[in-house]
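Please read through the structure below; I'll follow up with questions.
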Amino acid sequence: MKSFEVPIIYRSPLITAIKKKRKEVDKLKKDFTPTLLDFGPLHLYLARHFGFCYGVENAIEIAFRTVEENPGKRIFLLSEMIHNPQVNADLQAHGVQFMQDTYGKQIIPFGSLTADDVVIIPAFGTTLETEQLLQSKGIHTEKYNTTCPFVEKVWNRSEVIAKNNYTIIIHGKPNHEETRATFSHAASNAQMIDTFKPADTEEHFADTKDTLCYATNDNQTAVSGMLQMPADLAIVVGGYNSSNTSHLVELCEAQLPTYFINSAEKILPGNKIQHYNFHSRQEQTTCNFMPAYQPVKVLLTSGASCPDALVEGVITSLAEMYGVEDKMIEMEKQF
Ligand code: SF4
């Protein structure tokens, strides 16, 4: 698979070494057991697959290149590029402005755009209506379109299905950028069938299992593999508005205490953790989240839009709780 140039601050030397090693010994991705990082009093089980996917790395590479190539120009992103607060904040710090929030609420009116502006389409893609609007303003988005090829694959699949006279039902969060974009592209192709016979499923249901991308598949299967390990708790790192990360949390919390955090700073002094409850959509603080006995066994993973550097930060914070952070350098050499 193609490799991308993403800012070094998002990488983690330890995690890069682990992923490289796991890839070398398991080229066909058959082994979903987690990687054990044995710190003595702390056993960390790192999921076989986690972190930046193809689509996210592609989007980050294009977005930072856009900034480099367009000094002095106004650069807009239609909405958050991916659902990670650090990456989005970094882009804003480089002068990139977001036109809509994650739910489609307008922050900067489209009316203020001129043909001289640069507009980046996020990894989720955008609606046909927005594409047409940008074209009508003379803004060319082809060069700075970060739509994930796996999202486009779903659009193409919907086109094929529609041409075969199937009705398209999209399962997703209605306000999510990707759902809205997919709905718009699918709606341009969809036609309603006028009869439905529930008994005749093969005739009436198209096979769409290939619309779940490889990264979502791998990360979820890796969590299932990780959950085979007897453990005390799980920590999932990622943006709180990230759907794929929330689903990893759901899988873990069905089995053991699970803490959803967006950075290492959420691990507080005195064995406390400030974590997000995505059911109530609020952060809460839990005291004594790490049990008193040793070794404590922790499962650790992250969503497809989470930089490995954030996960390394979490590993460091947990190791510091036991005074074993020095072991990380040793571990990096092992892999
Ligand atoms: S999670 Fe899948 S569809 Fe979404 S950006 Fe990554 S590779 Fe693309």
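Just so you know, ligand 1 is whichever comes first in the structure, and atom 1 is the first atom listed for that ligand.
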May I ask you to list the protein N, O or S atoms found at less than 2.8 Å from atom 6 (Fe) of ligand 1? C53 SG
Mind checking whether F52 and F4 have ring centres under 6.0 Å apart? no
Nearest protein heavy atom with distance in Å, relative to atom 4 (Fe) of ligand 1: E178 OE1, 4.3 Å
Assess the side chains of E283 and Y240: does a donor N or O sit below 3.5 Å from an acceptor N or O? yes
Among side-chain atoms of T179 and T182, is any donor-acceptor pair under 3.5 angstrom? no
When the aromatic ring centroids of F150 and Y214 are compared, is their separation below 6.0 Å? yes
Looking only at the aromatic ring of each residue, does the gap between the centers of H83 and F124 stay below 6.0 angstrom? yes
Same cluster or not: are L42 and V237 linked, directly or through other Ile, Leu, Val, Met, Phe, Trp or Tyr residues, by side-chain heavy atoms under 4.5 angstrom apart? yes
